[in-house]
Each structure stands twice: as structure tokens, then as C-alpha cells.
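What follows is a set of notes on a single structure, which appears directly below.
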Amino acid sequence: MEVDGARSHRAGKGLDGRLHTFVNPYSYRVLRNLRPDVLRGEAFLVHFDGISLALLARVCGGRTVQRESFDDTSLAPVVFSECVSHGLSVALIGSAPGVASLAADHLMRRYPALNVKFVSDGYFPEEMLSEVLARAAQCDVVICSMGTPHQENLLLKLRAHAWKGTGYTCGGYLDQLVGSEGVSYYPLLMDKLNLRWLYRIWKEPGRLIPRYAIDYPVGLVAFVLDRVCFR
């Protein structure tokens with residue numbers, strides 16, 4: 001799993017023309033079963049989204065690994081600021097109909113010079129895939145919120161169409177942005193204490209309690225086994 005390239009964002013060197021995805025214990029398990037090539041770093045730069053995976057990576061690998069996510073507590077403001085600074089066009093793809101458009105409105109209020117060139121929900125029919133790919137390929141940066149592994153698959157299809165831009169998966173970021181009406185989704189104290197997971201459970205108990213109670217522990221065990229036994 002390749003993670004070192006994430007430092008380029010923190011160093012303010014601009015966007016890197018690569019594909020980035022952000023894994024938590026749930027998405028790690030999904031990718032491990034369905035798209036292990038993504039975790040091997042064959043096409044993506046993989047970031048640890050969640051303090052639990054970052055801590056385990058430090059313990060298992062003996063290296064300092066930072067938690068990085070595509071949200072307002074981590075890389076999203078860096079990426080959008082870089083897009084403004086370098087005049088890069090952006091595509092937002094994903095979530096339910098109408099969400100990406102509202103997210104674009106919030107982002108352009110926050111970053112008035114941001115060029116959001118293409119917006120699409122994540123539920124377009126298969127016959128529209130070629131059009132979505134063609135329009136997204138005209139953008140410098142594509143941010144995709146379609147859930148794992150669909151978001152990774154879409155970015156890989158863009159690459160197969162010779163697109164050379166920078167791509168990011170973003171999980172539920174667009175929904176969070178719209179749900180919080182453009183302000184920070186996480187309360188400051190929850191972010192400082194690394195209790196974002198607890199806040200998310202409070203906001204979405206029906207969906208997230210089973211995920212954190214079952215899928216996360218299984219994903220964490222799989223991660224440790226992979227790091228310790230199959231290096």
C-alpha cells in the first residue's frame with residue numbers, strides 16, 4: 001500500500017496527476033475482496049482515512065502514518081485551494097440526484113474563484129456512462145463520491161480513456177457538505193479528540209452502528225493480518 005505521496009499536498013507542491021483513495025476499515029475490507037489491485041498501489045495512492053488504521057499502520061509498520069481524509073478536517077481545503085491557485089477545473093460526481101449540484105454551490109461560495117466545470121449525481125444509467133466520462137475527462141480534477149468500489153472503478157475508467165488529471169474518492173463528503181449547509185460537518189472538539197466516528201454514529205445510527213460494530217472490527221483484523229503475515 002503506497003502512502004508516501006500524500007506528503008506532496010502538505011508541502012503545497014500542487015496536484016500530482018495521480019488517483020487518490022481514502023480507506024477506512026470498512027472500505028479496506030471491500031477493496032481487499034473486490035479490488036485488491038487498488039490496495040497494492042497499482043493505480044492509486046492510498047491514504048488512511050481514520051485514526052484506527054493510521055495507528056495500526058504505525059504499530060505494524062514502524063512508520064509514522066497520518067490520518068488523511070477527503071473532508072474539511074483534512075485534504076479537501078488543501079485540494080480546493082490548490083485548484084483555485086493553479087486555475088484547475090473540477091468535476092464533482094456522486095451522491096443522490098441534486099446533492100452534487102448543491103455541494104458545488106456551497107464550494108463556490110467558499111472558494112469564489114473555483115471552476116466547477118462538471119457536476120453529476122452517482123446514479124446515472126449505464127447508457128450515460130460514456131457521456132459522463134467524456135465530460136469528466138475535460139476537467140483537471142475529478143472528485144468522486146459513489147461509495148467503494150464504484151468510485152474507484154469510475155476513476156479507473158477515466159484513466160482508461162487517457163485522462164491525465166488528478167482524481168480523488170471522497171466517500172460521503174458531498175453529503176456532509178450539503179447536510180451541514182456548507183460549514184464544517186464535525187464539531188471542533190470532536191475533530192480535535194479524533195471522535196469523528198462517534199459524531200457520525202450519532203448523526204446516522206441506523207446505517208453506521210452495524211458498520212462500526214461488525215464491519216470495522218473485521219476490517220481491522222484483516223488489515224493487521226495483511227500487514228503482519230503477508231508483507
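Residues Leu154 and Met146 have side chains in contact (heavy-atom distance under 4.5 Å, counting atoms from C-beta outward). Using a 4.5 Å heavy-atom cutoff, the side chains of Cys83 and Asp140 are not in contact. Counting only heavy atoms from C-beta outward, the side chains of Arg196 and Arg67 approach each other to under 4.5 Å. Using a 4.5 Å heavy-atom cutoff, the side chains of Cys139 and Phe118 are in contact. Residues Cys144 and Tyr168 have side chains not in contact (no heavy-atom distance under 4.5 Å, counting atoms from C-beta outward). Asp16 is listed as a side-chain neighbour of His20, based on a closest heavy-atom distance under 4.5 Å. Looking only at side-chain heavy atoms (C-beta outward), Asp37 and Phe44 stay at 4.5 Å or farther from each other. Between Ile93 and Val142 the shortest side-chain heavy-atom distance falls below 4.5 Å.
Taking hydrophobic clusters as Ile, Leu, Val, Met, Phe, Trp and Tyr residues chained together by side-chain heavy-atom distances below 4.5 Å, Leu88 shares a cluster with Met108. A single hydrophobic cluster is not seen to contain both Leu55 and Leu53; linkage of ILVMFWY side chains at heavy-atom distances under 4.5 Å, directly or through other members, places them apart.
With respect to the salt-bridge test (charged N to carboxylate O, under 4.0 angstrom), the residues Asp72 and Arg110 qualify.
Going from atom CG of Leu34 over to atom OG1 of Thr148 covers 10.0 Å, rounded to the nearest 0.5 Å. Distance CG/Leu107 to CG/Leu174: 8.0 Å, rounded to 0.5 Å. Note: Thr166 OG1 to Leu19 CG = 8.5 Å, rounded to the nearest 0.5 Å. The CD atom of Glu204 lies 8.0 Å from the CG atom of Asp175; values are rounded to the nearest 0.5 Å. Here the CZ-CZ distance, from Phe48 to Arg58, works out to 10.5 Å after rounding to the nearest 0.5 Å. In this structure, NZ in Lys157 is found 7.5 Å from CG in Leu133, a value given to the nearest 0.5 Å.
Across all non-hydrogen atoms, the minimal contact from Glu68 to Ser74 is CA-OG, 3.4 Å. Of all heavy-atom pairs between Pro217 and Ile214, the closest is CD-O, 3.2 Å.
The only option from Leu75, Leu45, Val46 that meets the side chain to side chain contact (heavy atoms under 4.5 Å, CB included) definition with Phe22 turns out to be Leu75.
The six-membered or imidazole ring of Tyr28 lies away from that of Tyr216, with a centre-to-centre distance of 6.0 Å or more. The six-membered or imidazole ring of Tyr26 lies away from that of Tyr212, with a centre-to-centre distance of 6.0 Å or more.
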Exercise. Apply side chain to side chain contact (heavy atoms under 4.5 Å, CB included) to Gln176 and Lys203, showing your working.
Key: CA-CA 10 Å; Gln176 292 176 2; Lys203 295 284 283 187; over 6 Å; no
Q | Chi angles and distances behind the side chain to side chain contact (heavy atoms under 4.5 Å, CB included) call for Val78, Ser81 | A | CA-CA 5 Å; Val78 179; Ser81 295; 6.0 Å; no
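When atom types are taken as modelled, the side chain of Thr169 and the backbone of Gln151 share no donor-acceptor pair closer than 3.5 angstrom. For Ser27 (side chain) and Asn24 (main-chain N/O), a donor-acceptor pair under 3.5 Å exists by modelled atom type.
Between the side chains of Asn153 and Arg35, a donor-acceptor pair is found at a separation under 3.5 Å. Using modelled atom types, one finds no donor on one side chain facing an acceptor on the other under 3.5 Å when comparing Ser89 with Asn115.
Partners of Asp215 according to the salt bridge (Lys or Arg N to Asp or Glu O under 4.0 Å) rule, which considers only residues two or more places apart in sequence or in another chain, are Arg29.
Between Tyr185 and Tyr199, the ring planes are perpendicular. Angles over 60° get that label, and only those under 30° would be called parallel.
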Can I get a per-line list of side-chain donor-acceptor pairs under 3.5 Å for residues 120-131, giving both atom names and the distance, sequence neighbours left out?
unit_1 : atom_1 : unit_2 : atom_2 : d
Asp121 : OD1    : Tyr123 : N      : 2.6
Asp121 : OD1    : Phe124 : N      : 3.4

